[in-house]
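Naming convention: chains lettered A, B, ... in sequence-line order (proteins, then strands); numbering from 1 in each chain.
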Number of protein chains: 2
Amino acid sequence: MTPQSGRSPVMADVARLAGVSHQTVSRVVNGHPNVRAETTARVQRAIDELGYHRNSTARALVTRRTNVLGVIAFDTTLFGPAQTLAGIERAAREAGYFLSIVSLDDVSPAGVAEAVDYLIQQSVEGCIAIAPQRALVKALASVPGPRPLVAVEGGEGSGLPVVCVDQAQGAHDAVRHLIDLGHRTVHHISGDPEWLEAESRVAGWRRALGEAGATAPEPLVGDWSPRSGYEKGRRLVQRRATGEPVTAVFVANDQMAIGLLRALGEAGIRVPEDISVVGFDDVPEAEFLAPPLTTVAQDFAQVGRVSLRVLLDELGAGERSVAEDAPPGAPPDPAPRLIVPARLRVRQSSGPAPVPHR
Amino acid sequence: MTPQSGRSPVMADVARLAGVSHQTVSRVVNGHPNVRAETTARVQRAIDELGYHRNSTARALVTRRTNVLGVIAFDTTLFGPAQTLAGIERAAREAGYFLSIVSLDDVSPAGVAEAVDYLIQQSVEGCIAIAPQRALVKALASVPGPRPLVAVEGGEGSGLPVVCVDQAQGAHDAVRHLIDLGHRTVHHISGDPEWLEAESRVAGWRRALGEAGATAPEPLVGDWSPRSGYEKGRRLVQRRATGEPVTAVFVANDQMAIGLLRALGEAGIRVPEDISVVGFDDVPEAEFLAPPLTTVAQDFAQVGRVSLRVLLDELGAGERSVAEDAPPGAPPDPAPRLIVPARLRVRQSSGPAPVPHR
DNA sequence: CTGAAAGCGCTTACAG
DNA sequence: CTGAAAGCGCTTACAG
């Protein structure tokens, strides 16, 4: 009568207890119509009594849908990726999907192939790659990996659907803000050039300077780390000491800006009186640095939501194409490209250009 | 001959192509002995040609093992949880397990029940909860959730196996360091008191002061955020202005220490000349603050590895207990409790106590 | 060393 | 409105 103990109850156990067939239990569990209210109640009682949970594995086998989505990321402890992942996670749960995450240790084709294999083994229905690096995008686009695949941050030209923050616009706004404060030009400490975000921010910086008729100084190439911000900051201090006018710096992320702030502080250079600093990311501590950092905020939650929606759309499109609702020979839809705006947050690390003492 | 296109190949397709039965394909795929080398080669060729991947769902159904482990976390964008999660992720992948992650929006019993349900629905074999909050641990221990369940950071007294960093020892070392520098006492800005880590750090601080025969000033209760560090810092500046001797502050995390640093800077108080500051976490930017922050580092990668090992041990123990290798009536093994040490990193924000100007 | 049979726990037509 | 049958793609004994 009662199910064998030590084994969790299955549909047949519920059916026996409720005095119906297991198909009827299935109907109740799946909310199908055409079940008598009284039967439903009896089945529900049996379910509650037994503590029955539908076996998702068996269900997945027959429906051919695992309800699992894969996420490929490079380093989920970084601010941006961590935020994006959290956004995707929330959106996925709300949409009834599970998430399987794999972090890459390196972006080599071999490393990427292994990660992709891991995901394929788990029969994910689709994937989102948080792929801000050039090499990673290239490897992903070439590997016969899971499809559909949506690229978050980067992936341009890969043929993959892309969701990203408008990095260039954010950088442009930051630099424009400094120009408007009277700075003749703006120096730049860039991120790791292997990252597409670094490239986009450089582009936005250049464009803003170009529009203002300002000459772009040689950018200092960092690697996102506070250490590199510090080191490039010291370089900048030297360049200033030799007479080069340095009055404003746009730094490609807040961590490097923190390093720069220390280098300037050590040299006795005041922010913003002597040099203005603008970062990127708006990390929680940005507002509480000394001085509070002007920076560019990205809406990662929205990036997460949008990328999940794009992936779900692709999944739907895949099903439709099997059903042949597109006329044969029609060109395939181009890969969508969704762009989330970035927003400048002005605080106290940026101020008017110092009056040159001639 | 070739499998129907539009459908991914199954074992039977490989079998047909290789001219063997599907059981033989299964043997090859699972590396069973007792297959002729020549047969293995022929099957392998068919697998490669077809691009066959074993269907993990079908496999899970028959083996009753999903190979999926669940992780419950509160906020994976926080430094500690993000690091711990990354450590678990890496360890799980190396052990051949997949990870399903659910982030809680709140630690209410209802929120926790929902998260647990999500994981149960996915038939996870076991769970790790990154559960640093009192309420969360309580809810987890009471809910008829997935078992085995390992609690990371906190969970003491819940009856669950626990893996955590030795917070109290880390705090003790930090305070002892300040005492050794000649400070008469050490003030404390605590974390959110709902968090067990906050409590442990307070305990370590108190113990170190007690051992030194110092009186513990009333702690300032923060909430981990840079903002609260700033606000409590201003409070401390006021107390100092009224004549209270404040020469050293142990702050429960680096983010609050950043806020404190700003509050001190605004008040013209020098660090470490006037006041020494020690944080907790060793975030990447700690070394590049002005001044570089003395803090306590936690080995999150090790926490991740250890917690996975404990979970795997529990899984093994569960199987053994079914096989009855323990004498009936023997008391169950007590829940293990593994503690990872914390390490003080001395930098420039801590220095000798100022000579009191009488 | 290899194959025919049974079954994992469901859902999906198909009858009635 | 409800049930008997078939089958999803594998693995696990059991034969040979």
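Ranking dG9(C), dT11(D), dA5(D) by closeness to the Gln23(A) side chain, first place goes to dA5(D). You'll find that the side chain of Val10(B) is closest to dG9(D), out of dG3(C), dT2(D), dG9(D). Here the nucleotide nearest the side chain of Arg36(A), chosen from dC1(D), dT11(C), dC8(C), is dC1(D). Minimum atom distance to the side chain of Ser21(A) is reached by dG3(D), of the listed dG3(D), dT2(D), dA4(D).
Going from atom CZ of Arg59(B) over to atom C1' of dT12(D) covers 12 Å, rounded to whole Å. Residue His53(B) contributes atom NE2, which lies 16 Å from atom P of dG9(D) at whole-angstrom precision. Whole-Å rounding puts the Arg64(A) CZ to dC10(D) P distance at 10 Å. Remark: C1' of dC10(D) and CZ of Arg65(B) are 16 Å apart, rounded to the nearest angstrom. When the C1' atom of dC8(C) is taken as reference, atom CG of Asp13(A) falls 14 Å away, rounded to whole Å. Atom CG in Leu61(A) sits roughly 18 Å away from atom P in dA6(D) (whole-Å rounding). Here dG3(C) presents its P atom at 13 Å from CE of Met11(B), a figure rounded to the nearest Å. Straight-line distance from the CD atom of Glu38(B) to the C1' atom of dT2(C): 13 Å, rounded to whole Å.
If you check every strand for non-hydrogen atoms under 4.0 Å, Thr39(A) touches sugar and phosphate atoms only. Looking at heavy-atom distances under 4.0 Å, Asn34(B) makes contact with a base.
Residue Ala58(B) is the one, among Ser26(A) and Ala58(B), whose nearest nucleotide of DNA chain C lies closer to the 5' end (criterion: closest heavy atom). Take the nearest nucleotide of DNA chain D for Thr57(B) and for His32(B): the residue whose nucleotide is more 5' is Thr57(B). Taking for each of Pro33(B) and Arg54(A) the nucleotide of DNA chain C with the nearest heavy atom, the 5'-most of the two is the partner of Pro33(B).
dG3(C) is paired with dC14(D) under the Watson-Crick or G-U wobble criterion, all donor-acceptor distances under 3.5 Å.
Donor-acceptor pairing under 3.5 Å, judged by distance alone, is present between the side chain of His22(A) and the base of dT11(C). Side chain Arg27(A) to base dG3(D): a donor-acceptor pair is found below 3.5 Å.
For the pair Asn55(A) and dC8(C), the criterion of a side-chain N or O lying under 4.0 Å from OP1 or OP2 is not met. Between Tyr52(B) and the phosphate of dG9(D), there is no side-chain N or O to OP1/OP2 separation shorter than 4.0 Å.
The neighbour count for Gln121(B) CD, taken as heavy atoms of other residues, nucleotides or ligands under 6.0 Å away, is above 12.
Using a cut-off of 4.0 Å between Lys/Arg side-chain N and Asp/Glu carboxylate O, Glu38(A) and Arg42(A) are scored as salt-bridged. Using a 4.0 Å cut-off between charged nitrogen and carboxylate oxygen, Glu89(A) and Arg93(A) count as a salt-bridge pair.
The side-chain heavy atoms of Gln122(A) and Val68(B), taken from C-beta on, include a pair separated by under 4.5 Å.
Summarising the geometry of Val137(B) relative to Ala131(B), their closest heavy-atom pair is CG2-O, 3.4 Å, with the distance given to 0.1 Å.
Judged purely by atom type and a 3.5 angstrom limit, Asn30(B) uses its side chain to pair as donor or acceptor with the backbone of Ser26(B).
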